[in-house]
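The chains referred to below are lettered A, B, ... by the order of the sequence lines, with proteins before strands, and numbering in each begins at 1.
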2 protein chains.
Amino acid sequence: MARDDLGAMVARLGRRLLAMEQPILARHGVSMWAYVVLNGLAGGSVRTQAALAARIGADKTRLIPVLDDLQERGLIEREPDPADRRVRLLALTDSGREVHRVVRDEIRTAEEALLEGLAPADREAFVRALVTLS
Amino acid sequence: MARDDLGAMVARLGRRLLAMEQPILARHGVSMWAYVVLNGLAGGSVRTQAALAARIGADKTRLIPVLDDLQERGLIEREPDPADRRVRLLALTDSGREVHRVVRDEIRTAEEALLEGLAPADREAFVRALVTLS
DNA sequence: TTAGATCGTATGCATATGCTTACTATTACG
DNA sequence: CGTAATAGTAAGCATATGCATACGATCTAA
């Protein structure tokens with residue numbers, strides 16, 4: 001079967017997904033990085049900025065303006081850790097959790113629509129493979 | 001099944017593939033864009049710079065330095081089209097075809113190794129889905 | 001206690017990206 | 001013929017990215 005490189009195809013698909021998500025994020029006034037942060041914090045296992053940066057694959061210095069913005073808008077909290085005063089403990093506010101939930105649901109819905117183009121069995125396998133490879 | 005957004009997983013996989021390809025490209029002195037160009041020209045259906053830019057999703061102005069470099073190194077030819085002297089017809093040289101083949105083969109081999117982590121059936125379905133979605 | 005490591009923050013740099021404008025040569029159309 | 005459109009080229013701009021450095025506050029370990 002003649003096909004492109006995986007890299008080329010994955011890159012194209014990535015651009016397509018990005019284009020799909022952009023309007024959703026814009027509609028809720030959330031940047032891509034802000035959403036990634038909300039997503040990372042929603043997992044619950046991440047509490048410090050360094051851990052968050054490592055988890056989402058971002059530079060810790062570049063994360064700061066994003067966190068500043070999210071904090072100003074009341075979507076996250078940044079409290080000093082009483083046990084280690086170097087650290088700021090991050091947490092979603094109720095408002096942040098709600099925004100994340102809404103945006104995430106819309107993105108999931110759009111993703112499902114995209115996957116409609118696949119045979120059900122392929123869809124299953126595709127997602128499974130993606131989970132394994134990513 | 002709890003999983004990340006498709007966008008997040010595809011982006012991670014993309015970064016992984018990029019990291020995998022980078023050493024291969026570097027070993028042959030080819031930049032990512034140069035390889036994409038060689039790949040686009042290897043298809044055979046593209047002959048002009050504008051068509052190439054459209055095909056690989058690049059800006060036509062940004063393509064120029066890449067083409068200049070490839071031409072200087074004798075990997076492509078850029079001849080004026082006798083039928084339309086605005087146009088430069090692009091073509092791989094034998095040397096360019098060879099470099100492309102070698103790099104592509106190495107990338108394919110590395111990709112196969114990556115896909116080893118999947119069940120054979122999933123691997124098939126994954127590639128099929130990728131072709132459809134990208 | 002002292003030296004070294006870590007966390008958050010600020011700043012700068014080199015590079016990459018997408019977009020826009022402008023210009024020349026050339027072609028296509030009214 | 002003359003105007004509009006197109007191909008290639010050059011240059012600039014705003015933004016984004018990865019990377020490095022520096023600094024104060026604080027913790028850890030010898």
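In this structure, of dC7(C), dA7(D), dC13(D), it is dA7(D) that holds the atom nearest to the side chain of V87(B). In this structure, the nucleotide among dT20(C), dC27(D), dT17(D) sitting nearest to the side chain of T61(B) is dT20(C). Distance from the side chain of A50(B) is smallest to dG8(D) among dG18(C), dG8(D), dT26(C).
In this structure, E79(B) places its CD atom 19 Å from P of dA7(D), rounding to the nearest Å. Residue K60(A) contributes atom NZ, which lies 15 Å from atom P of dC23(D) at whole-angstrom precision. Going from atom CE of M32(B) over to atom P of dT17(D) covers 18 Å, rounded to whole Å. Counting to the nearest Å, the P atom of dT24(C) and the CD1 atom of I64(B) are 16 Å from each other. Rounded to whole Å, atom P of dA16(D) lies 13 Å from atom CG of L18(A). Between D84(A) atom CG and dT6(C) atom P the separation is 12 Å, expressed in whole Å. Atom pair D59(B):CG and dA7(D):P shows a separation of 14 Å (rounding to whole Å applied). Following rounding to the nearest Å, L67(A) (CG) and dC7(C) (P) show an atom-to-atom distance of 15 Å.
Among the heavy atoms of the strands lying under 4.0 Å from T48(B) are primed sugar atoms or P, OP1, OP2 only; no base atom is included.
In this model, the phosphate group of dA16(C) is not approached by any side-chain N or O of W33(B) to a distance below 4.0 Å at OP1 or OP2. Within the structure, every side-chain polar atom (N or O) of R85(B) is placed at least 4.0 Å from both OP1 and OP2 of dA28(C). OP1 or OP2 of dT9(C) lies within a sub-4.0 Å distance of a side-chain N or O belonging to R78(A). Proximity of Q49(B) to the phosphate of dT9(D): a side-chain N or O atom is located under 4.0 Å from OP1 or OP2. OP1 or OP2 of dT9(C) lies within a sub-4.0 Å distance of a side-chain N or O belonging to R88(A).
Looking at every heavy atom in both residues, I64(B) comes nearest to Q49(B) through CD1-NE2, 4.4 Å. Across every non-hydrogen atom of R97(A) and L92(A), the tightest pair is NH2-O, 3.3 Å.
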* **Evaluation steps, side-chain contact (heavy atoms from CB on, under 4.5 Å), between E77(B) and L90(B)** => CA-CA 6 Å; E77(B) 281 174 336; L90(B) 302 172; over 6 Å; no
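A heavy-atom distance below 4.5 Å is found between the side chains of L13(A) and L114(A). Counting heavy atoms from C-beta outward, D81(A) and R85(A) have side chains that stay 4.5 Å or more apart.
Two residues, R15(B) and R47(B), neighbour DNA chain D, and the one matched to the more 5' nucleotide by heavy-atom proximity is R47(B).
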